[in-house]
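For reference, the structure is listed below as structure tokens.
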Amino acid sequence: MGGLKVYNTMTRTKEELVPLTPGEIRMYSCGVTVYDLSHVGHAKMMIVFDVIARYLKAAGYRVTFVRNFTDIEDKIIRRANEEGVPAREISERYIAAFREDIAALGVEAPDAEPKATDHVAEMVALIERLVAGGYAYVMDGDVYFEVRRFPAYGKLSGKNLDELLAGARVDVDERKRDPRDFALWKAAKPDEPSWPSPWGPGRPGWHIECSAMAMRYLGESFDIHGGGQDLIFPHHECEIAQAEAVTHKPLARYWVHNGFVNLGKAKMSKSLGNTLTIRDIVKRHHPEALRLWILGTHYRHLLEWSEERVEEAARALARLTRLVDDASALGAAAGSVPSAFAGFAPRFVAAMDDDFNTPQALGVLFDFARALSEQRDRGLGTPEARADFVAGVAELVRLARVLGLLQRRLEGGGPPPEVERLVGERTEARARRDFRRSDELRAEIQRLGWLVEDTPGGPRLTRKSG
RNA sequence: GGCGGCGUACCCAAGUGGUUAAGGGAGCGGACUGCAAAUCCGCGAUGCGCCGGUUCGAAUCCGGCCGCCGCCUCCA
């Protein structure tokens, strides 16, 4: 078999995925800083890594997936001080919001979701090792990583140290030995939460938390480390430096970074941020339509936000859900996957094996859907035909769920008796060719939230989606 | 200035050396239908930003040019 290939930012090539431990994948992805509601960009990242984890599981790996919460950070502190509440109240509020949003998107929970503030001890321990090893120095209660001591710094982002120095727009902190050095520990300031440390009370720098937590949950070396493209530098570069300076092992074997969601000209954060939060979007669109839209472009590529594109995705999604509706309406038992449909799964796998090529995998799904519709329209008169169709749809659903699509349970609940009665009445009206009455009844049924369509096989009822 | 990416039909988007350039949305024609909807069938780039080059053969490799974008600072 060809095997799964992953694009590794470290080498800038697609590489065959070879786990450190056969049959097992340990992966870490940088989560969010919880100072505000999450937006579309976060949604893309969460969905991308959700799909990667789902696919690895489907491919037979035992997957351990860890995603952190950054719950101590400047913006959280600022917001807390603005509102006059403890930082913890802010972070807890937005962790809860994040969990709701992500659940609405159908993203599976990772195996662990560590918070930075629960792991300060590990961070302090790591910093102590860095200081002891001569990679870090203490200045007035701050601790800095000395970039010069770690020559590999820049290997992930393709930067070299001299250029970094030359173009240094980094804030010139005169206490640092070198402008490129970054903070591991920040001495406590008034109105800031702090933790005790050998260097006095303070709080951790941003980068150290991921090194510490990743190693705490996944070991000194693990398989996949992911995040948004913007994290390549400096965040992941710094993570590597902090970890590898003391372990002398690669922190992660494969670095996976997803492309951004653009909002045209305006910056997503402030002004437009509100209108593009996940919860806002989910009010207007089916979560799976959003997911289909996101997966319709390769994860490493840039996406341009567009209300219109998501609506198109919703229409495409409806083609798949209709098949599911039709299959469940038959109530027939599924047989084994008929040979006519056996070719789709291997094509799907081949697409996903190629650096998680979801656009291509979706193409396979829609080819599959057409084949199923075709068979359905040829006739489902015999029990064998019905069993084949139902089995085919079940196979389609199985594949779609690897992408987190068609997750909705198949039963779905039938129409209420009132609707059933009206449909029956309408069928009679049509039989007498009383089309005026028939159309009245269709309107009536619509008011009750159901759409009735006449198919060669009789009326079909669908719940009207919002 | 450094690093990286993008430019494929009306729109979105796969494909990165070799049969007819996936798929989705929109559109048009047909079948079906009381109407509608859905579905199926058919149609749509002799062409892949532009100009050269390599090759038996390139959207795919090389060179140049044009246009757009991200990162280099907190950021998914």
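Chain identifiers are assigned alphabetically (A, B, ...) following the order of the sequence lines, protein sequences preceding nucleic acid strands; residue numbering begins at 1 within each chain. None of the values given here were measured: they were computed from a predicted structure.
- Judged by Watson-Crick or G-U wobble contacts below 3.5 Å, the nucleotide rU39(B) has rA31(B) as its partner.
- In this structure rA21(B) sits in no base pair that meets the Watson-Crick or G-U test at under 3.5 Å.
- Looking at R442(A), its side chain comes within 3.5 Å of the base of rC35(B) through a donor and an acceptor atom.
- Taking the ring axis of Y153(A) as reference, the NZ or CZ atom of R180(A) does not stay both within 45° of it and closer than 6.0 Å to the ring centre.
- Among the protein residues, K75(A) comes within range of the nucleic acid bases, having at least one heavy atom under 4.0 Å from a base atom.
- Using cut-offs of 30° and 60° for the angle between ring planes, the W255(A) and H236(A) rings count as tilted.
- Taking the P atom of each, rC40(B) and rG63(B) are spaced 46 Å apart, rounded to whole Å.
- At a cut-off of 3.5 angstrom, the base of rG34(B) holds at least one donor-acceptor pair with the side chain of S438(A).
- The ring of F435(A) lies on top of the base of rG34(B), close enough and flat enough: under 5.5 Å between centres, under 30° between planes.
- Both tests hold for K75(A) against Y35(A): distance to the six-membered ring centre under 6.0 Å, angle to the ring axis within 45°.
- N357(A) comes within 4.0 angstrom of the backbone, heavy atoms only, and of no base.
- Checking rG67(B) for Watson-Crick or G-U wobble geometry (two distances, each under 3.5 Å) identifies rC6(B) as its partner.
- Within the nucleic acid shown, D74(A) has no heavy atom closer than 4.0 Å to any nucleic acid atom.
- Look at the C1' atom in both rC68(B) and rU55(B): the space between them is 31 Å, to the nearest Å.
- Separating the C1' atom of rA38(B) from that of rA31(B) is a span of 14 Å, rounded to the nearest Å.
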Just the atom pairs and distances: protein N or O near nucleotides 58-60 of chain B's N or O, under 3.5 Å.
none

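- Within 4.0 Å (heavy atoms only), R300(A) reaches no atom of the nucleic acid at all.
- For the 3.5 Å distance criterion, the side chains of E209(A) and N68(A) qualify, holding a donor opposite an acceptor.
- In a base pair of the Watson-Crick type (N1 to N3 plus N6-O4 or O6-N4) or a G-U wobble (N1-O2 and O6-N3), with each distance short of 3.5 Å, rC48(B) is matched with no nucleotide.
- Distance from the side chain of R309(A) is smallest for rC12(B) among the nucleotides rA76(B), rC12(B), rG23(B).
- Within 4.0 Å (heavy atoms only), H235(A) reaches no atom of the nucleic acid at all.
- Here, rC65(B) and rU20(B) have their C1' atoms 33 Å apart, quoted to the whole Å.
- Looking only at atom types and distance, the side chain of Q360(A) has no donor-acceptor partner in the side chain of H298(A) under 3.5 Å away.
- Backbone-only contact: H301(A) has heavy atoms under 4.0 Å from sugar-phosphate atoms and none from a base.
- Base pairing of rA26(B): no nucleotide in any strand meets the Watson-Crick or G-U wobble criterion (both distances under 3.5 Å).
- In this structure, E73(A) reaches the sugar-phosphate backbone alone: every heavy-atom distance under 4.0 Å involves primed, P, OP1 or OP2 atoms, never a base.
- Out of rU39(B), rC35(B), rG15(B), the shortest distance to the side chain of D377(A) is found at rU39(B).
- rC61(B) is paired with rG53(B) under the criterion used here, namely a Watson-Crick or G-U wobble arrangement in which both key atom distances are under 3.5 Å.
- Defined by atom type and a distance below 3.5 Å, a donor-acceptor pair is present between the side-chain atoms of S157(A) and E237(A).
- Ranking rA22(B), rG4(B), rG70(B) by closeness to the N262(A) side chain, first place goes to rG70(B).
- Ring geometry for F356(A) against Y55(A) counts as perpendicular: the plane angle is over 60°, on a 0 to 90° scale with 30° as the lower cut.
- Between rU46(B) and rC35(B), the two P atoms lie 38 Å apart (nearest whole Å).
- A heavy-atom distance below 4.5 Å is found between the side chains of F368(A) and F341(A).
- Because its NZ or CZ atom is not both nearer than 6.0 Å to the ring centre of Y299(A) and within 45° of the ring axis, K44(A) does not count as a cation-pi partner of that residue.
- If you check every strand for non-hydrogen atoms under 4.0 Å, R378(A) touches nothing.
- Residue ring and nucleobase are stacked for F260(A) and rA76(B), with a centre distance beneath 5.5 angstrom and an angle between planes beneath 30°.
- R79(A) comes within 4.0 angstrom of no nucleic acid atom, judged by non-hydrogen atoms across all strands.
- Between the side chain of D454(A) and the base of rC35(B), at least one donor-acceptor pair of N or O atoms lies under 3.5 Å.
- rG1(B) is paired with rC72(B) under the Watson-Crick or G-U wobble criterion, all donor-acceptor distances under 3.5 Å.
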